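As the structure is a computational prediction, the values presented were derived from the model and not from experiment. Index from 1, following the sequence.
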Amino acid sequence: MAVFNLRAYDSHEQVVFCRDVDSGLRAIICIHNTNLGPAVGGCRMWDYNSDEGALIDALRLSRGMTYKNAMAGLKMGGGKSVIIGNSKTMKSEELFRAFGRFVDKLSGKYITAEDVGINPNDMAIVNKETSHVLGLEGKSGDPSPVTAYGVYKGIKAAAKHKLGRDDLDGLKISVQGLGHVGYYLCEHLKKEGAQLIVTDINQDNLDRVVNDFGAKEVGINEIYEQEVDIYAPCALGATVNDNTLKRLNTKIIAGAANNQLAEDRHGDILMQRGILYAPDYVINAGGIINVNFEENYDQAKALEKVDEIYGTLTEVFEASDAEGRPTNVIADEIARRRVSAAKQ
Ligand code: NAD
């Protein structure tokens with residue numbers, strides 16, 4: 001399989017293919033960039049259709065972590081790992097221990113944490129083999145409430161920029177995905193008097209938000225057509241695509257999901273249509289900021305840092321207006337500048 005000429009390969013510093021026959025482990029660790037510090041990024045367990053698919057995912061996600069950490073002003077580089085396999089049937093103590101030994105061999109150049117398919121118990125096993133693990137239970141804990149808080153602050157920054165006000169009272173906000181982040185986000189929005197329109201494929205999660213916050217429920221495809229002030233994608237990536245763009249009836253897109261734009265060019269279309277887009281890795285950095293405060297964890301300090309998301313997004317929005325270029329492009333450029341300045 002070619003690696004260096006893949007589109008997703010972006011001068012990554014190191015790509016490690018991990019195989020442990022006894023436990024069945026097949027994993028890939030991608031270290032994108034360590035100019036700002038050790039590469040930090042979660043480990044995802046997913047039943048990929050192909051090894052190439054796993055590699056591309058890890059390459060893309062690790063680059064995203066470099067940008068996210070740089071934009072959050074953290075002294076951390078970007079990395080990510082994937083374990084290839086079904087997270088419901090293939091987990092074992094031996095598998096996570098083997099993964100931990102591979103992480104340990106990198107001597108702190110890569111620091112792992114939870115991501116999709118991985119829970120705190122799995123990371124506790126990894127931690128038996130390596131100290132290079134963050135987000136452990138009993139330390140900074142579940143990052144989701146802090147991610148939600150950061151998204152809420154980011155939504156306020158976007159509202160201020162686009163609508164001239166950062167109180168959300170009476171604004172119509174659609175939230176897609178009411179899981180760990182979406183639930184807490186709805187709680188913040190409701191407290192400020194926003195009108196919530198929500199959807200989820202999981203009926204229990206949906207019922208909980210409808211009951212707890214008086215939200216209006218709509219179908220999973222109807223969410224795009226709602227006439228709202230703000231659309232907050234908090235489920236999957238790539239929900240802003242050629243299909244949904246025609247239907248979106250919002251002034252702002254600001255939510256927690258990673259990789260919201262199916263392709264970079266969708267950022268251009270949003271700008272042309274006058275829809276303000278809060279770049280995903282800037283607005284959803286609350287969780288990684290929280291993890292960064294893991295040593296002697298102090299939530300107040302973590303939240304103070306998360307508050308900076310408001311100012312960072314405002315800087316991106318203003319530069320976008322001044323230069324007439326999309327917010328996703330501006331954010332990428334600021335991130336890249338910070339990373340190369342750290343090298344010098
Ligand atoms: P989660 O799995 O707890 O919640 C996702 C929710 O989306 C679930 O309730 C699921 O049923 C729902 N969903 C899935 N497909 C859907 C669809 N087609 N339509 C509507 N709902 C759908 O995940 P989470 O931790 O809340 O994360 C949400 C998003 O935010 C993810 O994209 C994640 O990568 C991103 N993110 C999360 C964090 C964090 O701290 N948890 C940090 C940064 C980014």
Could you go through I83 and L25, starting from their C-alpha distance and side-chain angles, then the distance that decides it, and tell me whether this counts as side chain to side chain contact (heavy atoms under 4.5 Å, CB included)?
CA-CA 7 Å; I83 294 179; L25 176 77; 4.0 Å; yes
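The two residues Y277 and Q260 have their closest heavy-atom pair at CE1-OE1, 3.4 Å. Contact record, V151 with N284: CG2-CA, 4.3 Å, taken as the closest heavy-atom pair.
Taking the six-membered ring for Trp and the full ring otherwise, H188 and Y149 have centroids separated by under 6.0 Å.
Within a 6.0 Å radius of CD in E93, other residues, nucleotides and ligands contribute more than 12 heavy atoms.
The residue from T327, L276, L261, N328 that alone fulfils the side chain to side chain contact (heavy atoms under 4.5 Å, CB included) condition with L270 is L261.
Listed for the T199 side chain is a donor-acceptor partner under 3.5 Å among the backbone atoms of V218. A distance-only check finds a donor-acceptor pair linking the side chain of T250 to the backbone of D229 [under 3.5 Å]. Between the K156 side chain and the D166 main chain, a donor and an acceptor come within less than 3.5 Å of each other.
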Show the atom names and distances, to 0.1 Å, of all donor-acceptor pairs under 3.5 Å that link a side chain in residues 172-179 to residues at least two apart or in another chain.
from	atom 1	to	atom 2	distance (Å)
Q176	OE1	Y231	OH	2.5
Q176	NE2	Y224	OH	2.9

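For the ring-ring contact (aromatic ring centres under 6.0 Å, His included) test, no residue two or more places apart in sequence or in another chain qualifies with H180.
Ionic pairing of D104 and K128 is not present here: no N-O contact between side-chain nitrogen and carboxylate oxygen is shorter than 4.0 angstrom. A salt bridge links K305 to E308: at least one charged side-chain nitrogen sits closer than 4.0 Å to a carboxylate oxygen. Ion pairing between R44 and D115 holds under the 4.0 Å rule for side-chain N and carboxylate O.
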